[in-house]
Amino acid sequence: MTMPNIPEMSKTFDFAESEPRLYKYWESNGWFKPEVAGVDAKPFVIAIPPPNVTGELHLGHVMFVSLEDLMIRYERMRGKAALWIPGTDHAGIATQLGVEKMLRNEGTSREEIGREEFLHRTWEWKEKYGGAIVNQLRRMGASVDWDRERFTLDESLSVAVREAFITLWDQGLIYRGPRLINWSPGLQTAVSDVEVERAEEQATLYYFKYPIEGGEYIPVATTRPETILGDTAVAVHPEDERYKHLIGKTAYVPMLNRPIPVIADEYVDREFGTGALKITPAHDFNDYEIAQKFNLPMISIMDKKAAINENGGPYTGLDRFAARKKLWADMEAMGLTIKTEAHTLIIPRTQRGGEIVEPMISEQWFVKMEPLAAKAIEAVRSGQIKIVPERFEKVYFNWLENIKDWCISRQLWWGHRIPAFYCENGHITVERGGPVKCATCGSRHLTQDPDVLDTWFSSGLWPFSTLGWPQQTPDLARYYPTDVLETGYDILFFWVARMIMMGLWFTDEIPFHTVYLHGLVRDENGNKMSKSKGNVIDPLITMDKYGTDALRFTLLTGGTPGNDQNLAESRVEYSRNFGNKLWQIAKFVTSNLGDNPPTEKPDPKGLSTPDRWILSRVNGLVATVQRLFDNHQYGEAGWQIQSFVWDEFADWYVEISKNALYSTDEHQKQITRGILLHTLETSLKLLHPYMPFVTEEIWRHLPGERKPLIISQWPTAWYSDDKAEADMNTIKDLIVKVRNIRSEYGVEPGKRITAMAFGAFDLLEANANVFARLCNVEKIARLEGGTPEQSAAIVSGDVTLYLPLAGMVDFAAERERLNKELANVAAQIEKSEKMLGNEGFIARAKPEVVARERTKLAELTQTRDALQERLTALPV
RNA sequence: GGGGCGUUGGCUCAGUUGGUUAGAGUGCAUCGUUGACAUCGAUGAGGUCAGAGGUUCGAGUCCUCUACGCCCCACCA
């Protein structure tokens, strides 16, 4: 590992060259594997949210990779056996749609080529395009263990899926039957409740007359006139005086003249529409419930393509929208229509595909969710599982407490085929290993159910199926339960809740103890990125331009847990600049380390104020970062590190260090080198989880025998020096004020000036070279008595610094400047005195807060007095 | 209908046991390059922390209400 001839650092960090090289360096040495930590190490495990195998990389992927890689790298450096399990999801509908599109372009279809050939083609497609997203994980620096990569259709995961299904079946928690479900006519499959997206849209409300026996009619309103064909009742409110006399009479379905009853139910809202409701149980969820209550027949009027079926009389064969139009026209001709009006309503559309979902009666498989949900609720309620940010626990409870049975069957071919078999008598057999004969009648003529399972059924098993379950593998024993589940809040129901339910149900353990939810990445104006809007930021292009580290750092510091963040390119640019800053610091440090670079941690004893200051600050930073990480405040921690590195280390300490480095004092030089190196090393460690590439590359240029940064030891705070920090604050304050004066008076930057000091002379004298370097004050003299007339005065606490500026001082301007400062100080004093004069404050505030306030007031008073003195002495 | 989030300088955002003069990036103004960095440095202007009330010695931070924006869940034809 020793690198005796470390090449000089290049002018800038070449991320394009370094990133793939470093990734290979880490991966080929096995540092992504938990085994690097040794057998005694405590595991830390994250199962990756598996991206769709043929999906395209978007910022959501970069977001989760950045966060999870941060956690993994941090825990790895803390000595844990960090395991990040990679993998991909077969994504049933999305992938099947992609392949079907390809087939269409070839002039064929899945129906034409058949199931077997279709699956063959889909696997080919997966082999061809499935690698892209996986390679992009490498591009982002994801330190996952590739030896443990999984795919939801792997044989071992398929075994887990069948085991889960059969277990639920044996427990009576899976059932099959005709139910009203969400049907996607375009995809020709059932979809679950969570896959339906509802949005307000402009539509029409149609008012018409429902003929009643005896020549009367009830006015009814509907948004879907074609469903009239499936009506099996008309409902009114039992106490509605307008219609009360019609309850129990017979109504006739328009155009079909099918007799149906007029019923009364309190569900009907008298205020809405006409106050009368048509009941179409086979095509509406509310009507379905009412029909069950009243034992009404259910008449399905549509086929799988949502065209009117044979129950639609003269409309048979028409598409649902064509039927709507024709039926309405026919009713109009019959004088049955009243009016139409514009109406805003909620339209359900499929998450994939986007066409309008049709509620239909269909034979599907369901899981009874209440027993599973009860356990999942308890796990979070008891605190075994913590959701970050906490407010999502409420959302989680609300969903689980109102959970409905899960429709798990999909009329697709790409996915896990339902392990249920039918004989010619219609009996169902579900057995491990695949049955050879019917469990009921013994028939050997079995056919498997054609449907596949919802993709989320297999992803629900992900944290344990990837580790070998149901086999009791060593990995399952060592790495399950996992630790953190990190993902976007948008899949809390789809995925997170189901993993918790299935994990608890099948393994009897929580699958993870912490759920960390991040927000969505939007464009810089807060709009959702979409291809149609053309505002999509392509992460690949961004990484090409600014480097992976820059994009990662931007996303990690760009928001807070659970909240969406707006991404502006200017922020990525800033992150790139920060990486450059770090590179330049390192370049400076490494080129000034001399022939025998220090190897020991610096000893603060006897060091100068700036030396002790930076050591105290960097250790304070370590403590701060630790506290923030403990609370999942990764963004704030990133800013703290950035601010230290740039604003304190680079802008102050590196500048100050030049005094020693450019001197001939070998002892002081060596001390300074040690502090520079230690501060840089610590900064690199803290920053590595955010910017893995640039930090590791710099690390390789540091001298001495050292472990690679990725597996180096996470720092702990070991030093704190309040005195040095206070003294340095005084020095910094004075320097900034000198610069300010120079700027205001237009003193040429190169011009050296002198100063006379009153108070704290020892501190100033000891740091005279700091003033010389940072504000070009070449000499500070002790002021013995009187005040120099031709000078500008600077006051900071008990120190007054006079800058003799012969011929440059405008006394009127100086007076104005001092008066302004005095007013400012006076205002602060007033506030402080008021606080300290308040008995409640003295009695109830924490003692250290009161003490701090007293110190502050004393300093302010000194400043005020000095300012007044100077104003009095100022020539008129 | 229920629940949640947001509202802080021109713009984008930090600010988590309530406690110094509310911070940063970007934009703006002025100045600055022979020795880490113009992907830079120095200095400065710019904010009644949406509004009202309350709790408290003390509120950007906690509570209530209001306004505006956004999101999730939910069966109004």
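Numbers restart at 1 for each chain; the letters A, B, ... are given by sequence-line order, proteins then strands.
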Requested in this report: Using a 4.0 Å cut-off on protein heavy atoms (strictly under), produce a 5'-to-3' string for nucleotides 18-35 of chain B with B for base contact, S for backbone-only sugar-phosphate contact, and - for none.
Outcome: -BBB---S----------

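For the pair A:Arg571 and A:Trp639, the NZ or CZ position fails the cation-pi test of under 6.0 Å to the six-membered ring centre and within 45 degrees of the ring normal.
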Name the pairs: protein N/O against N/O of nucleotides 44-50 of chain B, kept only if under 3.5 Å.
unit_1, atom_1, unit_2, atom_2, d
B:G44, OP1, A:Asn740, ND2, 3.4

For nucleotides 2-8 of chain B, print each protein N/O atom paired with a nucleotide N/O atom at under 3.5 Å, atom names and distance only.
unit_1, atom_1, unit_2, atom_2, d
B:G4, OP1, A:Lys394, NZ, 2.8

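Between A:His632 and A:Val388, the shortest heavy-atom contact is CD2-CG2, 3.9 Å.
Atom NZ of A:Lys737 and atom C1' of B:A42 are 17 Å apart (whole Å).
Taking the side chain of A:Arg576 as heavy atoms from C-beta on, and the options B:U39, B:C72, B:A14, the nearest nucleotide is B:U39. Distance from the side chain of A:Leu345 is smallest for B:A77 among the nucleotides B:A77, B:C75, B:G41.
For A:Gln640 and B:A14, a side-chain-to-base donor-acceptor distance below 3.5 Å is absent, hydrogens and geometry of angles not being considered.
Using a 4.0 Å heavy-atom cutoff across all strands shown, A:Arg739 reaches sugar-phosphate atoms only and no base atom. Within the 4.0 angstrom heavy-atom criterion, base atoms lie near A:Tyr267. Looking at heavy-atom distances under 4.0 Å, A:Ala586 makes no contact with the nucleic acid at all.
Around atom CD of A:Glu816, no more than 12 heavy atoms belonging to other residues, nucleotides or ligands sit under 6.0 Å away.
Looking at which nucleotide of RNA chain B each of A:Phe13 and A:Thr344 is closest to, the 5′-most match is held by A:Phe13. In this structure, A:Val196 and A:Lys658 both approach RNA chain B, and ranking their closest nucleotides by distance from the 5' end singles out A:Lys658.
For B:C75, one of the phosphate oxygens OP1 or OP2 lies less than 4.0 angstrom from a side-chain nitrogen or oxygen of A:Lys404. Put simply, A:Lys834 has no side-chain N or O that comes within less than 4.0 Å of OP1 or OP2 on B:C57.
A:Glu8 and A:Ser591 are not linked by any side-chain donor-acceptor pair at a separation below 3.5 angstrom, with hydrogens and angles left out of the test. Side-chain contact check for A:Ser575 and A:Thr554: at least one donor-acceptor pair (N or O, by modelled atom type) lies under 3.5 Å.
Distance noted for atom P between B:G27 and B:U20: 31 Å (whole Å). Rounded to a whole angstrom, the distance from the P atom of B:C11 to that of B:G54 is 31 Å. When the C1' atom is used for both B:U56 and B:G19, the distance is 12 Å, rounded to whole Å.
Nucleotide B:G53 forms a Watson-Crick or G-U wobble pair with B:C63, both donor-acceptor distances falling under 3.5 Å.
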